[in-house]
Each structure stands twice: as structure tokens, then as C-alpha cells.
2 protein chains.
Amino acid sequence: MAVREQIRVGGRSARIQSAVHQAVRDLSATTPRDELTVPQIAAEAGVTPSTIYRRWGDLGALLADVAVERLRPIAEPDDTGSLQTDLKAFVDQYAEEMSSPVGRALMRDVFASAESFPVQCAGFTCNHLATIAARAKARGEQPFDVDEVIDHVMAPIIYHILYDDREITPAYCHALLARLLSLPQPR
Amino acid sequence: MAVREQIRVGGRSARIQSAVHQAVRDLSATTPRDELTVPQIAAEAGVTPSTIYRRWGDLGALLADVAVERLRPIAEPDDTGSLQTDLKAFVDQYAEEMSSPVGRALMRDVFASAESFPVQCAGFTCNHLATIAARAKARGEQPFDVDEVIDHVMAPIIYHILYDDREITPAYCHALLARLLSLPQPR
DNA sequence: ACATTAACGCAAAATATTTGCGTTAAGGCT
DNA sequence: AGCCTTAACGCAAATATTTTGCGTTAATGT
């Protein structure tokens, strides 16, 4: 079901949204996700269950909504002085976050919903890479193609997290990056 | 919740498993998945809901179980005579199946479950690629590294299906393959 | 400040899930 | 083949969740 687009976003609505999100974060830290329920979250947040049902539709949509907020970057990627180090730092952090138990759970919540949440998450990654690329260009470095990094660095990392739950080592990430950057730039 | 490993697998149990799976396939063809319910499936299959709950745990686990069976290959990949054409045929079919509305729904079911279903699906892909690689070797062709194909062909395809719901064109798949095969073989 | 109505709380109704217990039949044994 | 054990099932009661109607509160526009 769809998360309803709110018409009134201030005051009480904002407080409830915040309280419910916080309740989900708190409870999911101590409760296995398959025994999280809407009434339980509602009680923790101090609202009635019907408020959650009317606003988010069902548990899956609420969890996905919270997950996207937790995955939304709070800052620009670090500027470490060069394209290579910027990319390495970003990929390392991404792999570590996503492959952690919390990260895997957030990804599950995002993909389990039938909506546009995954697209938002793809946007986060894309934006960060574009920022790094723009910085590199400003420095006069040979820029890179964001799509190439997504296809040949981020995608394999995500694949292994999702399919085999392989441990993603920094060495593996660096090998992916090194391989890409050593190739002749297409076009 | 976990799909219980059965101790008795014959006769009645087998008939019920079959009937329930069939019911899920039939209903999901005509019903949006967010309004599929266990009681509805049970009625269609001619069993009581408690049978489904005790055996599969919850709707998500049942859907994932059915999805894996639908994604399980029924045959070896076609032998088209050469490594290049074998790979191309396999990747094309994979991309088409997975990016179709049905394929996307099956992937959602698989990933939404907290269990080992994704690993099984990864195994299907891995096995098919290994078969193609073995054939190539038997033909005396320069073989390829299965992991390389997974990382740089399958992974990008899956990424774009999951994250942006980009349309996966044969041209895109072929470009991924061509790029990989044109690279010097590592090691 | 006032009017409008979106969003909420509450409680009843409708559905879905869990559970206890009797029954059926699968798998092992002689 | 016939018997025993007990896993798996059906049924129905108990419990929990989800939906819905309606009155109330307060966000937003004028």
C-alpha cells in the first residue's frame, strides 16, 4: 500500500511522524523484525494504530519509509584531496554500512515495498558519486563516469550482499575500483 | 518465520504442498500481491489456513518459497555452439525474465524473506554459468571466470532492476558482455 | 480571527493469526 | 502385509491485527 502524500505537514502531523519513526528505530533495535507489529509501534509512539494504518498503509510501507530516512546521507562525501581517495573512502563506507546487519535489514525493508523507495536510495548513491566526480573535475583530474562506477563497483557489492551473504572486504572493494580506474576511459 | 523442514514428505503432505503452490501461482496471476491473503490461498487450495501457518509460518515465507521454485531452472542452458553465443543467450533470457513484471515480483518475494532463499537463486545463476564455462573448456575455447561474469554482467543487470526500474535492453546486456570478454583475462 | 477540512482518537466490526485437541495417514518396524 | 508411532492435518475457539464510521482537534488559507 502507498504512503499517503500529506497535505498538512506541520505541527501535530510532524510530531506524529517523528514519534512513529523514532518508535520504529527504538523497537527494531531490540526486537526481531518479524515480530514487530503496528499496534506495538503505535503504543511506543503514543498514537493509535489506526493513525499508522491510515498514514502508511501497512507495516511494510512504514518500515520502508523509515529505512529510506536512515539510508539518506546526512552529509556530503568527505573531500580527501583526490579522486582516488575520495572514491575509495566512499566505497569503503558504503560497503561497510550496507553489509552490516543493520544495513542488510534496511535494504530488505526498502526492497520489500512495492514502491519507489529503491529509486530514492539509488539517487543517494548517484548524487554522492556525482559530487565526487564534480570535485575531481574542478581539481583538473581526469573525471570518471558515474554510471561505470555504479555498474562495476556498487552493483557487485550489492549483489553479493543480497544473494550470497558474502562478507564484503575492503580488499574486494579496492580491487573493483582499481580494475575500473585502470581501464581505458570509454569514449 | 521459517519454512519448517518436513519429516514426512510423501502422500498427503506432497499433495498439499503442490496444491498450495498452485493456488499461489493461480491467485497471483489475477490478484495484486498486497491483497493476497493466507485464508484466500487456503480456500483456493482446499486446505485450512492453519495448515499453511504451521507449515510456512507466514505469507511472506510462502511467497518466497513459491518464488524460488518458479525461478529454479527447468533445463540446462541452451548449447548454441560457442562460448560467446551461449553466454549471450543466457544473459538475454535472464535479463528478460528478471526485468519482466513477474520477475520483479518474484525477486521482491525472495528478498523480502529473511532466510536463505536468495542464496538458492544465486546458486541457479552460478550453476548455469559454470555449465557454460565447462562446455567452453570442453570445446577448447578460452574459458571465462564465472565470478567475473557475475560481478560485471549479472550484478549490474540486477542493480538496475532493483534500484532504478530501468528498462534492461539487449543492447545494454551485450555491451556488458562485450566489455568483459574484450578485457585481458586476469591472472 | 475565522472557516474549512485534513488528520487524528476512539471504539466497534471485520479479518487474520495462533493454539488446543481430536483425527488421519506417512514412515518405520517386525 | 499388518501394526505402531507420531508428524501433519482439520476444526473451532481464542487472540491479535486491520479496517471503518464518526466525533474531535488543529493545520492551513483567507
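Every chain is numbered from 1 and lettered A, B, ... according to where its sequence line falls, protein lines coming before strand lines. Keep in mind that the numbers below use all heavy atoms, side chains included, and drop hydrogens, waters and symmetry copies.
- By the side chain to side chain donor-acceptor pair (under 3.5 Å) test, B:D86 pairs with B:T80, B:R135, B:R139, sequence neighbours left out.
- In this structure, the CD atom of B:Q17 is 15 Å from the C1' atom of C:dA26, given to the nearest Å.
- Here D:dA27 presents its C1' atom at 12 Å from CD1 of A:I16, a figure rounded to the nearest Å.
- Applying the salt bridge (charged side-chain N to carboxylate O under 4.0 Å, His left out) test to pairs two or more places apart or on separate chains, those with a residue in residues 59-75 of chain B are B:E69-B:R72.
- Atom pair A:R15:CZ and C:dG9:P shows a separation of 11 Å (rounding to whole Å applied).
- Within a 6.0 Å sphere centred on CD of A:Q40, heavy atoms belonging to other residues, nucleotides or ligands number more than 12.
- Rounded to whole Å, the distance from CD1 on B:I52 to C1' on C:dT19 is 17 Å.
- OP1 and OP2 of D:dA26 both lie 4.0 Å or more from every side-chain N or O belonging to A:R8.
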Under-3.5 Å N/O pairs linking protein and nucleotides 21-24 of chain D:
residue	atom	partner	partner atom	Å
D:dG21	O6	A:R54	NH2	2.3

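- Rounded to whole Å, the distance from CG on B:D34 to C1' on D:dT19 is 15 Å.
- The shortest side-chain heavy-atom distance between B:L106 and B:V110 does not fall under the 4.5 Å cut-off.
- For the pair A:R55 CZ and D:dT19 P, the interatomic distance rounds to 17 Å; values are reported in whole Å.
- For D:dA8, the OP1/OP2 oxygens have no side-chain nitrogen or oxygen of B:S13 closer than 4.0 Å.
- Applying the side chain to side chain donor-acceptor pair (under 3.5 Å) test to B:S82 and every residue at least two apart in sequence or in another chain returns B:T85.
- In this entry the distance linking CG of B:L36 with P of C:dT15 reads 17 Å, nearest Å.
- Listed by first and then second residue, the ring-ring contact (aromatic ring centres under 6.0 Å, His included) pairs that reach into residues 22-41 of chain B come to none, sequence neighbours excluded.
- Rounded to whole Å, atom C1' of D:dT19 lies 17 Å from atom CH2 of A:W56.
- For the pair B:I7 and B:V38, both in contact range of DNA chain C, the more 5′-proximal nearest nucleotide belongs to B:V38.
- Residue A:T48 places no side-chain N or O under 4.0 Å from the OP1 or OP2 atom of C:dC10.
- The ring-ring contact (aromatic ring centres under 6.0 Å, His included) contacts involving residues 102-136 of chain B comprise A:Y163-B:F111, B:F90-B:H128, where partners must be two or more places apart or lie in separate chains.
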